[in-house]
Amino acid sequence: MTLLEKIYETRDFLQDKGIAAPEFGLILGSGLGELAEEVENAIVLDYADIPNWGQSTVVGHAGKLIYGDLSGRKVLALQGRFHFYEGNPMEVVTFPVRVMKALGCHSVVVTNAAGGIGFGPGTLMLINDHINMTGANPLIGENLDEFGPRFPDMSKAYTPEYRQVAYQVADKLGITLSEGVYLGCSGPTYETPAEIRAFKTLGADAVGMSTVPEVIVAAHSGMKVLGISAITNHAAGFQEELNHEEVVEVTTRIKEDFKGLIKAILAEL
Ligand code: HPA
């Protein structure tokens, strides 16, 4: 089966399950998936039951697709995403975004946990641009002309108007937002201190192991994107050591703010 056939097969399957008209795709990162539990009138599907879909392997990623109402919007939420470091081909990592588009989503909200270069733990960072250091690109291969052009413009991959809305909403809620460039690596190693020094020179403000592939595919098909990083630690070299436990702990601490922010932003987008 071609990629296009797989996308349409999965779309048809999900439509048959009642996933009729999603507007916003939500991709929820490490420890941030709880937001999906607030979706009302929910249709919940296990990843394992969806054709052509990948499988989640990381602790803290549930592996459920949830459709329903959130802040008066029809959302399709991924509770747990697919990472390149799990051994997934880029096609699998980004497949949900293709299906979101095929189902009619005009926008995606992408979240992640990230190490801060300058920003400290607890910071919520609006992503205004990215640097692709994954060593791959999800659009390599035959172009899906039905979705977008061979050489997509990435100048405004992170929709500027969505960031404006995010600032206004954060202001009302009394939540401080920072803004910066997300640099995406493949993982699964955290970066070396030398890599982080290099990335700092390159203009990165946060570093992580996700998001870049999904945003490339969203931008390819003209979807609007809001990206937010939860900074969980100082990147390598700026703190003694890095571990997944700290990432989970900091995400747990800030997730209430985070959930409130995303819900309030959704209502205004
Ligand atoms: N590096 C890469 N990914 C991450 C980090 C980090 O420091 N923190 C959370 N995810």
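Remember, it's 1-based here, ligands and their atoms both numbered in the order they're listed. By convention here, the first residue in the shown sequence is residue 1.
- The backbone N or O of Ile7 sits nowhere less than 3.5 Å from a side-chain atom of Asn52 that would complete a donor-acceptor pair.
- Scanning the protein heavy atoms around atom 3 (N) of ligand 1, the nearest turns out to be Gly208 CA, 3.4 Å.
- Among all non-hydrogen protein atoms, the one lying nearest atom 1 (N) of ligand 1 is Glu191 OE1, 2.8 Å.
- In this structure, Arg163 contributes its side chain and Tyr158 its backbone to a donor-acceptor pair below 3.5 Å.
- Other residues, nucleotides and ligands contribute only 12 or fewer heavy atoms inside 6.0 Å of the CD atom of Glu142.
- Thr111 places a side-chain N or O within donor-acceptor distance of the main-chain N or O of Ile27, the cut-off being under 3.5 Å.
- Applying the 4.0 Å criterion to heavy atoms of Val247 picks out, from ligand 1, the atoms 8 (N), 9 (C).
- Considering backbone and side-chain atoms together, Tyr190 places no N or O closer than 3.5 Å to any N or O of ligand 1.
- Aromatic ring centres of Tyr47 and Phe82 lie closer together than 6.0 Å.
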query: Does the pair Glu91 and Arg98 meet the rule for a salt bridge (charged side-chain N to carboxylate O under 4.0 Å, His left out), with working shown?
result: CA-CA 9 Å; Glu91 183 179 311; Arg98 290 295 190 203; over 6 Å; no
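- Summary of contacts: the protein heavy atom closest to atom 7 (O) of ligand 1 is Asn233 ND2, 2.9 Å.
- Considering backbone and side-chain atoms alike, His234 places every N or O at 3.5 Å or more from each N or O of ligand 1.
- Of the protein's heavy atoms, Gly115 N, 3.3 Å lies nearest to atom 5 (C) of ligand 1.
- Of all atoms in ligand 1, numbered sequentially from 1 with element shown, those under 4.0 Å from a heavy atom of Leu242 are 7 (O).
- For Lys17, the NZ atom is loosely surrounded, since the number of other residues' heavy atoms within 6.0 Å does not exceed 12.
- A salt bridge is absent between Lys6 and Glu9: the closest approach of a Lys/Arg side-chain nitrogen to an acidic carboxylate oxygen does not fall below 4.0 angstrom.
- Of all the heavy atoms of Ala236, none lies under 4.0 Å from any atom of ligand 1, so neither backbone nor side chain is involved.
- Short contacts between ligand 1 and Ala114, defined as distances under 4.0 Å to a heavy atom of the residue, involve ligand atoms 5 (C), 8 (N), 9 (C), 10 (N).
- In this structure, the protein non-hydrogen atom closest to atom 9 (C) of ligand 1 is Thr232 OG1, 3.4 Å.
- Phe147 and Tyr8 have parallel rings, their planes meeting at less than 30° on a 0 to 90° scale where 60° marks the start of perpendicular.
- Within the 4.0 Å heavy-atom criterion, neither part of Asn112 lies near ligand 1.
- Protein heavy atom nearest atom 10 (N) of ligand 1, with residue, atom name and distance: Ala113 O, 3.4 Å.
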